[in-house]
Novice: 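Take a look at this one; I'll ask things after.
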Amino acid sequence: MTATLLRTAADLHARARTGRRAVVMTMGALHEGHATLIRTARKIAGPDGEVVVTVFVNPLQFGAGEDLDRYPRTLDADVELAGRSGADAVFAPSVDEVYPGGEPQVRISAGPMGERLEGAARPGHFDGMLTVVAKLLHLTRPDVALYGQKDAQQLALIRRMVRDLNFGVEIVGVPTVREEDGLALSSRNGYLSPAERRTALALSQALFAGRDRHAAQEALRARAREVPATRARAEALSAIGESRAAADAHAVATTAGGPAAVRAAARLVLDEAARLDPPLRLDYLALVDPADFTEIGDDFTGEAVLAVAARVGATRLIDNLPLTFGTLGDAS
């Protein structure tokens, strides 16, 4: 499949529309993670719909000293990959097309959620991101827009903007795509030297350690719910050697787990990576409520996001994993 390259909104609007239009927004330098987004968009749009991929390196979301000038620009390869993955068109506007009067005087504010984690590390980043997303939603007029869950805070803010400002578009999050060694796919991975890449693996390894600790904890919680409730049942279990295991599970589940244990397991990996050559320099490790990206407490139940950001050499990387915290229930 060959994707049509479009440079102006007028050209995009001139296309005949049938069925649903699904849009995948990117800054180019497309990789398999983007291809997954495009293939998912193709399934959602269906054979009668249309998939549009936007390629635009947005200057508003780059701060002083960030990598705007060296951000990879590979439009020809992007158009080819987009077409192979199922896109009908690639909309690659110029800066003047998106911001015809120069930098916009009126912008979207990300609010308090946009000042946390990535927002604290990169002041103004989310205001610039939401402003361009709002503009591209207006320019492309989609029925559904897809974004990767690797940028979890970005996805949460886009969902909040669309809901709060009544954009009338469906937002779909697509799970993070990883390389075989676990590193989350990112255009910035290409900046890493072989040694830096080895250190960078600590980001995903820390998340996996936190996830595994959480899974073990949840298994213990489930085991604790099987602790015998009656003396007769306790005696029966004791006969087959189960009561001690149940008691141990109950003790561990009630005293040595939860969000604190997840954070500790992840931080241990990151602390070790800080001693590597080259070292990993941690920006943050956070376990947050995806509704507002505030840290969760030890009694939290529901969906959460374990997120990490760090620098290796001159390259800053982010990653995250979703987790679900349940309730212990009766274990008497």
Side-chain angles (χ1 to χ4, degrees), residues 63 65-67 115-123 125 149-154 156 175-221 251-290 292-300 303-325:
E66 293 189 337
D67 55 0
E115 297 171 357
R116 299 174 185 133
L117 299 187
E118 283 300 291
R122 306 174 66 190
H125 166 73
Q149 291 179 357
K150 185 179 81 72
D151 297 297
Q153 193 172 3
Q154 170 180 284
T176 300
V177 177
R178 299 184 180 277
E179 300 192 38
E180 290 185 3
D181 57 12
L183 188 68
L185 283 174
S186 170
S187 301
R188 290 187 169 92
N189 291 351
Y191 300 157
L192 299 170
S193 70
E196 288 170 344
R197 182 186 170 86
R198 287 192 292 273
T199 296
L201 291 176
L203 274 79
S204 57
Q205 290 168 351
L207 297 178
F208 298 157
R211 178 197 61 191
D212 292 346
R213 181 66 186 87
H214 174 63
Q217 182 67 24
E218 290 300 307
L220 287 172
R221 288 177 181 273
V252 175
T254 54
T255 63
V262 171
R263 292 185 184 96
R267 184 167 290 278
L268 181 62
V269 175
L270 297 169
D271 288 345
E272 292 175 354
R275 296 188 288 271
L276 296 177
D277 182 19
L280 180 141
R281 302 192 304 278
L282 183 66
D283 277 1
Y284 61 76
L285 172 69
L287 186 55
V288 299
D289 183 341
D292 58 10
F293 270 70
T294 57
E295 289 281 351
I296 65 173
D298 286 341
D299 59 348
F300 180 87
E303 299 295 320
V305 173
L306 181 61
V308 63
R311 293 182 183 275
V312 182
T315 304
R316 187 174 185 275
L317 301 170
I318 63 172
D319 201 352
N320 72 85
L321 279 179
L323 299 174
T324 302
F325 288 85

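The analysis underlying the following values was restricted to heavy atoms, covering all of them including side chains, and did not include hydrogens, waters or symmetry mates.
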Novice: Has Arg316 got a side-chain atom pairing as donor or acceptor with Arg188's backbone, closer than 3.5 angstrom?
Specialist: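 It does not hold such a pair.
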
Novice: Do you know the tightest heavy-atom contact between Thr199 and Ala273?
Specialist: CG2-O, 4.3 Å

Novice: Look at the rings of Phe325 and His214 and say which category their plane angle falls in: under 30° parallel, 30 to 60° tilted, over 60° perpendicular.
Specialist: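 Phe325 vs His214 ring planes: tilted.
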
Novice: Check Glu303 against Pro290 and note the closest heavy-atom contact, atom names and distance.
Specialist: O-CD, 3.2 Å

Novice: Between Leu287 and Glu295, is a side-chain contact (heavy atoms from CB on, under 4.5 Å) present by the stated rule, with each step listed?
Specialist: CA-CA 6 Å; Leu287 186 55; Glu295 289 281 351; 4.1 Å; yes

Novice: Quick test of your reading of the model: are Glu179 and Arg197 salt-bridged, counting only N-O distances below 4.0 Å?
Specialist: yes

Novice: Are Arg311 and Asp283 close enough that some pair of their side-chain heavy atoms sits under 4.5 Å apart?
Specialist: yes

Novice: Please report the C-alpha distance between Arg116 and Asp292 in whole Å, then the side-chain angles of each, then the deciding distance to 0.1 Å, and finally whether the side-chain contact (heavy atoms from CB on, under 4.5 Å) criterion is met.
Specialist: CA-CA 9 Å; Arg116 299 174 185 133; Asp292 58 10; 3.9 Å; yes

Novice: For a quick test of reading the model, state the closest non-hydrogen atom pair linking Val305 to Asn320 and the distance between them.
Specialist: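 Shortest heavy-atom separation between Val305 and Asn320 comes out as CG1-CB, 3.8 Å.
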
Novice: For the pair Lys150 and Asp319, find out whether any cationic side-chain nitrogen is under 4.0 Å from an anionic carboxylate oxygen.
Specialist: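 Asp319 and Lys150: not salt-bridged.
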
Novice: Please report the interatomic distance CG(Leu306) to CZ(Arg213), rounded to the nearest 0.5 Å.
Specialist: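 Between atom CG of Leu306 and atom CZ of Arg213 there are 13.5 Å.
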
Novice: Going from NE2 on His125 to CD on Glu118, what distance comes out if it is rounded to the nearest 0.5 angstrom?
Specialist: 6.5 Å

Novice: If every non-hydrogen atom of Tyr284 is compared with every non-hydrogen atom of Leu117, which pair is closest and at what distance?
Specialist: CE2-C, 3.7 Å

Novice: Do Glu196 and Tyr191 have side-chain atoms, one donor and one acceptor, less than 3.5 Å apart?
Specialist: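 No.
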
Novice: Would Arg267 and Glu272 count as a salt bridge (Lys or Arg N to Asp or Glu O under 4.0 Å) here? Give the steps.
Specialist: CA-CA 9 Å; Arg267 184 167 290 278; Glu272 292 175 354; over 6 Å; no

Novice: Identify the two heavy atoms, one from Asp298 and one from Ala260, that lie closest to each other, and give their separation to 0.1 Å.
Specialist: OD1-N, 3.6 Å

Novice: Does the side-chain contact (heavy atoms from CB on, under 4.5 Å) test come out yes or no for Leu282 and Val308, once each step is laid out?
Specialist: CA-CA 8 Å; Leu282 183 66; Val308 63; 3.7 Å; yes

Novice: Pair Leu192, Leu317 - check side-chain contact (heavy atoms from CB on, under 4.5 Å), show working.
Specialist: CA-CA 10 Å; Leu192 299 170; Leu317 301 170; 4.0 Å; yes

Novice: So, taking the atom named CD in Glu218 and the one named CG in Leu323, what distance separates them when rounded to the nearest 0.5 Å?
Specialist: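 Answer rounded to 0.5 Å: 9.5 Å.
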
Novice: Check Ala274 against Pro279 and note the closest heavy-atom contact, atom names and distance.
Specialist: O-CB, 3.3 Å

Novice: Is it true that Glu115 and Arg122 have a side-chain N and a carboxylate O under 4.0 angstrom from each other?
Specialist: no

Novice: Below 4.5 Å, heavy atoms only, C-beta onward: do Leu203 and Leu280 meet side chain to side chain?
Specialist: yes

Novice: Checking the side chain of Asp151 only, and the main-chain atoms of Ile318 only, is there a donor and an acceptor separated by less than 3.5 Å?
Specialist: no

